Amino acid sequence: MADCIFCQIGSGKIPAEVVFQDETVMVFKDIHPKAPVHVLIIPKKHISSAADVTKEELPIFAHMLEAANIAAKKEDIPSAYKLVINTGASAGQVVMHLHMHLLGGKKITSIV
Ligand code: AMP
Ligand code: ZN
């Protein structure tokens with residue numbers, strides 16, 4: 001999607017601090033970090049939100065978790081992190097391209 005910021009990051013048109021990528025996913029640093037480690041995991045294919053993931057796209061979703069674990073190791077938090085997927089505007093999703101937040105590096109408390 002031409003006007004989607006995360007599609008443009010995924011294709012390299014907009015720069016980002018990339019932690020890991022392959023042909024399916026990209027992991028890059030959040031521009032406004034909420035924790036010492038705060039990276040975003042995106043599929044390179046445009047999927048609007050977790051609610052829009054089809055059965056056929058489930059392998060992409062699984063691959064995002066694999067990429068999160070690779071990034072967690074690279075960022076030195078291999079076994080202590082929080083994954084967050086805001087889904088829908090009323091749940092806090094601002095960028096309408098599926099992304100997982102990987103947060104860690106300090107004790108993180110929240111509603112869950
Ligand atoms: P969400 O509220 O779940 O949609 O989260 C969107 C996240 O994207 C926020 O944490 C923003 O700080 C982050 N973000 C927006 N634009 C960029 C960008 N160009 N590079 C890195 N992170 C971004
Ligand atoms: Zn997109």
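Note that this is a predicted model, so its numbers are computed, not measured. Both backbone and side-chain heavy atoms feed into the values below; hydrogens, waters and symmetry mates do not. Remember, it's 1-based here, ligands and their atoms both numbered in the order they're listed.
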- Residue and atom names of protein N/O/S atoms that fall under 2.8 Å from the Zn ion (ligand 2): Cys4 SG, Cys7 SG, His46 ND1, His97 ND1

Is there a donor-acceptor pair under 3.5 Å between the side chain of [X] and the backbone N or O of [Y]?
X     : Y      : result
His97 : Pro43  : yes
Gln93 : Ser48  : yes
Lys82 : His101 : no
Gln21 : Val27  : no
Lys74 : Phe20  : no

- Query: Any side-chain heavy-atom pair from Leu98 and Asp52 closer than 4.5 angstrom?
  - Reply: no

- Item | His99 side, atom NE2; Met26 side, atom CE - distance, nearest 0.5 Å | 15.0 Å

- Query: Hey, what do you get for CZ (Phe61) to OG1 (Thr54), rounding to the nearest 0.5 Å?
  - Reply: 12.0 Å

- Cluster link Val95 to Val39, ILVMFWY, side chain under 4.5 Å: no

- Residue shell for ligand 1, any heavy atom closer than 4.0 Å, reads Ile5, Phe6, Ile9, Phe28, Lys29, Asp30, Ile31, His32, Leu40, Asn86, Gly92, Gln93, Val94, Val95, His99, His101

